[in-house]
Structure formats: C-alpha cells, structure tokens
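Just so it is clear, the values below take in all heavy atoms, side chains as well, and ignore hydrogens, waters and symmetry mates. Here the structure is a predicted model, which is why all the values come from computation and not from measurement.
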Amino acid sequence: MKKFLDYYKNAQINRSKHNAAFVKQELNTYKDFFDTAAGKPLDLQQRTAIVEDEDANLVIAGAGSGKTMTIVGKVKYLVERYKTDPENILLISFTRKSAVTLASRLKAEGVIAKTFHSLGIDVIKQVEEKRPSIFEEQQFKPFIKKTFIELIEQEEYLASVTDYFTNFLKPVKNQFDFKNQGEYIQYIKDQNFRTYKAHTTSNNGRTTHRMEIVKSIEECRIANFLLFNGINYEYEYPYEFETATSDKRQYKPDFTILQDGKRVYLEHQAISRDNSVPPFFAKRDETQEQANQKYWSKINWQRDVHKQNRTRMIETYSYEMFDGTWVDSLTEKLQDAGIKLSPKSLQEIWAIINYTAGEEVDGFITLFQTFITLMKSNNYTISDLVERNGSVKDEMLAERNRRFIQIIKPILERYEAYLAERQVIDFSDMINRATDYIAAGAYQKKFDYIIIDEFQDISIGRYKLIKELRDTNPGCRLFCVGDDWQSIYRFTGSDITLFKDFERYFGYCIKSKIETTYRFCNPLINLSSEFILKNDSQTAKSLRPAFPDKMTNYNLVYAPSGDQGDAIALKNIFDELQSKHVDLDKKSIFILGRYSFDLRRLEEKNSAFNIKRNISVTEVEAGHEFRREADIVDYSPIGRPKVKAEFLTVHKSKGLEADIVIIINCNSGRHGFPSEMSDDQVLNLLLSDADQYENGEERRLFYVAMTRARERVYFVADETYKSKFITELEAGKKDKKVKKCPDCKTADLVVKKKGVAKNGNLYTFWGCTNFLYGCDYSKTEWDNKTERDRTISKA
C-alpha cells in the first residue's frame, strides 16, 4: 500500500522520467529513420518534437527552421512506427500550395491534406449533399467599397463619415501627456496629423499631392476648421511688418487669414486652464516654471507687436480643446474680427478629403474588411460590440469606437443581406456552419491525428471547428506547428491568443521548439529576435544559425528627405553592390512594400527603373507548378549589367525567400511601416488581451519582411520621416553614429550647412530633422573642435 501511495504521490515525476527515457531510447532506435524520413537528416529538436506524443502538441518554430520537414517526419513516423492508418490522419494547412506540397513530400497514400477552406466545404457537402456556393474573398473588398460609396450618397451617413475623418480617424492625445517633444512629434507623424489642405509638389517628373504639415494636433484641427468653413489661410506665413533682429528670425504667426482685403492673425496658445504649458516645453536644465515664463513672454511679445502695428490678432487655447468649447469660441472670435464663415457642404468636404487623403480613405475601407472578418470569425453581433465598448474606460476612445460602429453597421447589414439574397456564404459562415454540423453529429469521420501547419494563423472560428472534430474523436491527438513571431493574418480573423494560451484551449500539452534556422544567419538573427521580443507577449525562442560561418547582414539606407520616393535610394543600393562586384544577375532580389501602392515610390520620369506589372511567375514546389502574379522591377544602369527584382507586399512574401531583400517606405504615417491604419485601436474590441501590444501585428509583419533574406536586407527610410521601427534598429546598430537632438530626444541632428566664417575658421551647422514640426535646436561645430549651441526662438 505504501508503495502504491508513493507512486501515486510522485506520479507526475515518474511519468516525466519515463517519458524522458522513452524519448531518448526512441531517438536512438529510430536514428536511421530520422536521417532519411524528410529527404535530409532532421536535427535533434525536430526529432524530439516528432517523438513526443501528448494528447495535444505545439511545436514552436523559428523562421526557416524546417516546419515542413518536421511535419513530413511526424506523419511518416506515425505510419511506420505506430502503423497509424494514413486515412485517419487529417493534415491541415492554410494555403492550397502548402497543402499540395505537404501531400507530395509525404508520398503516403491515404493521408488527407486539406486547407480549412476545403475541409469546411467537404463537411457541408457531405451533410447537405450539395456543394455550397461560396462568396469569393477577392470579391469582398470591391463589395465593401461599392457599398460605402453608395452609402455616402445619403446625407446623414456622409455627415457621420466626414465628422469621423475630421475628428476621430486619428486618435487625439493630449499634448500634456507626452514625456518629451520627440515623443509628441513621433505620434503626430505616426498618425499623419496633417491638414486636408493640399500642397502640390513636383519631383523627378512625378507630381505629388501632399497634406499640409503642421506642428501640433490642435493646429491641425484648427486648420481643417478654417478650410471646411471656406476661410482662406496661410500657415506660418511671415508677418507683414519686419521684426527680425540679430537674435530672432522674422515673426511667423500660426495662421494668417485673408478675406475681402482683411488680414487677421490667429495664434494658438498651448496653455492649460492654470496657464501652464506642456511639460516637454521645458528645455534641458529648465524647470516647468521657467518654461511657463518663457512661453508667456512670447505671448506678451506677440500681443505687443500686434498692438504697436495695429494688426488684428485672435487667440485660441489648448484648454478650449480639452473642454470641447473651441469650435464655438473660435467661431465667435472670427466673426468679431469681421471674418465670415462660409461652411462647405458635406459633399464638398468629402471631395477635399478624398482628393488629399485618398490613401487614408482606401485604408479606412480595408479596415472595414478586417473588422467584419474578425467580427464574424468570433461570432460577434453589433450588440456584442456595443456591450464590449461599454467597458472601455477611456471616454474619448469609447466615443471613437461608438462612431465607428455607427458607420460600419449599415455596411455589415447590406453585406449580410447580399449573401442571404444570393444564397451564398462567406468563409466565416462556412466554418461556422461546418462546426455546427460536426457538433450535431451530422458529420462523422474517424481521425487518430489532426496535424495543423502554420498554426499561428488560426482563428476562433477555426479553433471551434478543430475542437468539435476532437470531441467527436475522443482519442484523436493534435499536433500543431507554427511561429507566433510570424502571425500576420489578423485581417483574415487569426487571433494570436490561441497560440499563446494553447493549453487553455486544447488542454494539457507538450510544447517543443525547433530553433535552428536554415535560411539566415547573424547578425540578422540577433537583430530580428531582439526586435520581435520587444513585445513580451511573443513566445521566447533562441534562434541559431545552421551555418554559423556565414553571415546575413543588414543596412539602413536613407532616401532624400521629403522626396516621397525610394528610387534614388534603390539606385544607390544596386550601384554600391555592383561596385563591389556582387554578381546581381545571379541573385534573387525582393523589393518589399507594406502595401501594393508602395510600388509607386519607384516610379520616376527618365529613371533607370522599368516596372512591369502583373507578370505571371511560376514556382515549382515538390514537382508541382504554382502560378502567382508579381510586379517585376528592372534596373538598367548605363554601362553596367541589368538588375531584375520582384516587388511584393510583405504579406505575399510570406513563405518565400531571396538572397537580397529591400524593404521600402519604412516611414512613419498611417500607411507607413508600421501602418497605424492596420493597427487601428478599434480592432481591440475584437482582439484578445494577448494581442493588445502597440503595433503588435505590424511588428510581426516587419519581422517577416526582414527574415525573407538569406544574404542581406536593406531598410529604406526617409531621413526626416523614418518610422519608430527604424529608430529602434538604429539604436542597436553600433557602426551607425547617429547624433540625437538633445531637445526633442528622438530626432537626428543632420548637417544643414558647411562653410568658412569671417575669422577663417571652418564650421559645420547642424539642425534637427524635426525642424518642420517645431524643434528648433541647432549647433555649430568649429574646426578648433569647440562647439557653440544655440536655440533660435520663434519670434
């Protein structure tokens, strides 16, 4: 009895010891099998993951670590070692290409290799005895766009949309909540807080319509108010009277308003009710009180200048923004100054927005697509969302969510009505219906094993389908392989919490890791790993190179500031490689963009680039041909060999690799990299807590982009508008000597001018790249190594 009780008490320890001994013995016994099963020898971690055989198994893989080989080895091991009937093994992947490739490499007759799509159809077809009509995914966005265009013909709906774009599209944050000026400016850049007033520029034969840059969120709101009320203004236009001195440059009021011969100046004062300025207004070694005094000195100077010159100035204040009175207050002040407001119609306002911010409008429609997919995958209703929004503590965010729900509700209703009328179902409906049939016992199929590839992309709907299959097959074991660092398909419904909290959904499990990457090497392994693990919700892994004597290097390349294109930077990359005698005609080259329209950044008149769109590319995998559409970029420099590269979005590059990878448009903005539109806060109504890290999905997508490279990866960014991701990479690149601005903290100091002073000394004048956004720090370095710092205050 004592022996029995001791054994019972130590059951967990005994079981672990037994299993460890079993795995060791099994690896030894089947060594020859593992040397040949997958076509080449499996590494130790791959073999261990195959041998371990719990009710539920999760293999946590690294990029390029041989996931396919591990799955092939697992299936063959089950068939040969345990004599598992191949017909009782269900192998699921997320793409047809992957499913066909796995089945071809297995060469095991009877193994069922399916996508979730084909599995769902098979279940419904068997139960209903007819094939369901499926609403194809490629029809989804065109339908959403068409519906949106039809709805904005309605005055009430258009009012909601224009109000959302003007006041809610870009989440407003109080500037008093930011730690430093650089953090505030970065937020302005990330969210693209520019006005809807268009500035047309021409550069390298390309005409670009750009939104006007302003220095604060509050000034952006004021500018749009003036624009939409028919008031002509100029931002920071020189004052009509000379004020410049040896210490101060010419005075430029925030807004100069011109109407019927009248000239009125508008200054927006960044002060709270207690007359304080934001904390970050305090410069180095300056107290809050000193910052307040300096700012008020500026205000009083402005008032005196206008009084002396008998010019009219009106003022607005930050606290009016906080308490929501700024519109009424500004309207009254403008009218008192004799300025007439001529409000534009909703149609005129929308035409301005659509013209100036067309990419934001397109991104908004894409957001509808992601939102509806996630919503249906989770089986949520509009009422569910309203209820979830009720628990959002941030009142401004809750109101923004409410407005978004109001806009998307009629789109969802029309979409569901369209499906019902035509008796078709979309992918979410198909998965949900198949799940219901399995739960009801209408579909019965014996499975001993369910093996899922790319498990990081699973959604709540797909999880429920798998759960019901296992419930109807109590002895069925689950073997999942995936890399949560590469979970990038949230727009199709995937939820990373199913990976992170695997045992909560699937019960007791064994987690294994395969961490040897056969694609890329250091220093890229260390860089990419450190980058992705900034999000502590990602599973920790220790990737190591299969070929430690090789290298995969990376470079940061800067496009000319404000150029709005990456062609010059790309040309410099190719020219440098060719000058180093790198034989580019024998290298595979990917140019990756966050969005398909990033390709336009390479279009220049009379450039050496020739772009061929929608070219059919054939890939051969496991003896099967797969065709895909691609954009080909040819570079034909004078006197040098032609270079051929393939442009892909990062999503389309998933699963592919190339010798050289160039990631373009690594800039801040709603459609930069990271894309703030893709990571819109409204999606948190549908996501689990495991995926609430800021820019979490975009961070994973950036990781996927950089890990496509075998030999070298280039990150191309605008020197002034580089994204927060590039700033992170700079911090870790020891050979890049970046001078950071001591005032705004986050931006760089760049050489603005070099010359010879009157005393004959050489000098270099440095300025902050955040100058356009209000950081006026500058520094002069002299040839005698002494430095003179000066801050030119805004007069």
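Around NZ of Lys752, the count of heavy atoms belonging to other residues, nucleotides or ligands within 6.0 Å exceeds 12. Within 6.0 Å of atom OH in Tyr763, more than 12 heavy atoms from other residues, nucleotides or ligands are found, so the atom counts as buried in its surroundings.
Separation of atoms OG1 (Thr243) and CD (Gln302) is listed at 10.5 Å; rounding is to 0.5 Å. The line from OH of Tyr693 to OG of Ser537 is 9.0 Å long, rounded to the nearest 0.5 Å. Here OG of Ser272 is found 10.0 Å from CD of Gln175. Values are rounded to the nearest 0.5 Å. How far CD1 of Ile213 is from CG of Leu772: 5.0 Å, rounded to the nearest 0.5 Å. Between atom CG of residue Asp285 and atom CD of residue Gln290 there is a gap of 9.5 Å, rounded to the nearest 0.5 Å. Here CD of Glu183 is found 9.5 Å from CG of Asp177. Values are rounded to the nearest 0.5 Å.
In summary, the aromatic rings of His306 and Phe241 are positioned with their centroids too far apart to meet the 6.0 Å limit. Ring pair Tyr196/Phe165: centre-to-centre distance not below 6.0 Å. Not less than 6.0 angstrom separates the ring centroid of Tyr319 from the ring centroid of Trp326. In this structure, the ring of Tyr714 has its center no less than 6.0 angstrom from the ring center of Tyr554. Ring centers of Tyr777 and Trp766: at least 6.0 Å apart, outside the cut-off. A ring-centre distance under 6.0 Å is found for Phe178 and Tyr187. Aromatic ring centroids of His268 and Phe255 lie 6.0 Å or more apart.
The heavy-atom pair separating Lys197 from Tyr233 by the smallest distance is NZ-O, 2.6 Å. Nearest approach of Glu320 to Ser329, heavy atoms of both residues: OE2-OG, 2.7 Å. Here the closest non-hydrogen pair linking Asn167 and Val172 is O-CG2, 4.3 Å. Here the closest non-hydrogen pair linking Val305 and Tyr239 is CG1-CE2, 3.4 Å. The shortest non-hydrogen separation linking Cys744 to Cys768 is SG-SG, 3.6 Å. Here the closest non-hydrogen pair linking Lys722 and Tyr558 is CD-CE2, 4.2 Å.
Judged by distance alone, the side chains of Glu218 and Ser318 do bring a donor and an acceptor atom under 3.5 Å apart. Lys189 and Asn770 form a side-chain donor-acceptor contact under 3.5 Å, judged by distance and modelled atom types alone. For the residue pair Gln538/Arg700, the side-chain donor-acceptor check at 3.5 Å is satisfied. Side-chain contact of Ser276 with Asp274: a donor-acceptor pair under 3.5 Å is present, judged by distance alone. Between the side chains of Asn232 and Gln259, not a single donor N or O lies within less than 3.5 Å of an accepting N or O. A donor-acceptor contact under 3.5 angstrom links the side chains of Gln288 and Asn292, judged on distance only. Side-chain polar atoms of Asn309 and Thr311 form no donor-acceptor pair below 3.5 angstrom. Judged purely by distance below 3.5 Å, without hydrogens or angles, the side chains of Gln186 and Asp190 pair a donor atom with an acceptor atom. If you check the side chains of Asn389 and Asn401, you find a donor sitting under 3.5 Å from an acceptor.
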* **Residues Phe673, Phe702; criterion ring-ring contact (aromatic ring centres under 6.0 Å, His included); working and verdict** => CA-CA 8 Å; Phe673 209 166; Phe702 202 70; 4.9 Å; yes
* Check against side chain to side chain donor-acceptor pair (under 3.5 Å), Asp718 and Asn667 -> CA-CA 6 Å; Asp718 186 298; Asn667 300 324; 5.4 Å; no
* Begin from the C-alpha positions of Leu266 and Thr316 and carry the test side-chain contact (heavy atoms from CB on, under 4.5 Å) through to its verdict. => CA-CA 8 Å; Leu266 192 165; Thr316 54; 3.8 Å; yes
* **Ile257/Arg263 under side-chain contact (heavy atoms from CB on, under 4.5 Å): CA gap, chis, key distance, verdict** => CA-CA 6 Å; Ile257 296 171; Arg263 187 188 298 262; over 6 Å; no
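Checking side-chain atoms of Asp362 against main-chain N and O of Gly358 turns up no donor-acceptor pair under 3.5 Å. With hydrogens and angles disregarded, no donor-acceptor distance shorter than 3.5 Å links the side chain of Glu236 to the backbone of Asp254. One N or O on the side chain of Glu697 and one on the backbone of Arg490 form a donor-acceptor pair closer than 3.5 Å. Of the possible donor and acceptor atoms, none in the side chain of Lys179 sits under 3.5 Å from a partner among the backbone N and O of Phe280.
A salt bridge does not link Lys333 with Glu315: every distance from a Lys NZ or Arg NE/NH1/NH2 to an Asp or Glu carboxylate oxygen is 4.0 Å or more. With respect to the salt-bridge test (charged N to carboxylate O, under 4.0 angstrom), the residues Asp323 and Arg273 qualify. The pair Glu399-Arg402 meets the salt-bridge criterion, with a side-chain N (NZ, NE, NH1 or NH2) lying under 4.0 Å from an Asp/Glu carboxylate O. Salt-bridge formation is not detected for the pair Arg400/Glu395: no Lys NZ or Arg NE/NH1/NH2 atom is positioned less than 4.0 Å from an Asp or Glu carboxylate oxygen. Using a 4.0 Å cut-off between charged side-chain N and carboxylate O, Arg600 and Glu359 make a salt bridge. Note on Lys298 versus Glu267: no salt bridge recorded, every NZ/NE/NH1/NH2 to OD/OE distance being 4.0 Å or above.
In this view, Glu694 and Lys724 satisfy the salt bridge (charged side-chain N to carboxylate O under 4.0 Å, His left out) rule, not counting sequence neighbours. Under the rule for a side chain to side chain donor-acceptor pair (under 3.5 Å), Asp328 has no partner lying at least two apart in sequence or in another chain.
A cation-pi arrangement is present between Arg194 and Tyr721 under the rule of less than 6.0 angstrom and at most 45 degrees off the ring axis. By the 6.0 Å and 45° rule, Arg312 does not stack over the aromatic ring of Tyr265.
Of the candidates Lys215, Glu219, Glu212, Glu219 is the only one forming a side chain to side chain donor-acceptor pair (under 3.5 Å) with Tyr235.
Residues Tyr184 and Phe176 form no side-chain contact, since every pair of their non-hydrogen atoms from C-beta on lies 4.5 Å or further apart.
By the 30° and 60° cut-offs, the orientation of the rings of Phe404 relative to Tyr164 is tilted.
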Report all side-chain donor-acceptor pairs from residues 339-346 shorter than 3.5 Å, counting only partners two or more places apart or in another chain.
residue, atom, partner, partner atom, Å
Ser345, OG, Glu348, N, 3.1
Ser345, OG, Glu348, OE1, 3.4

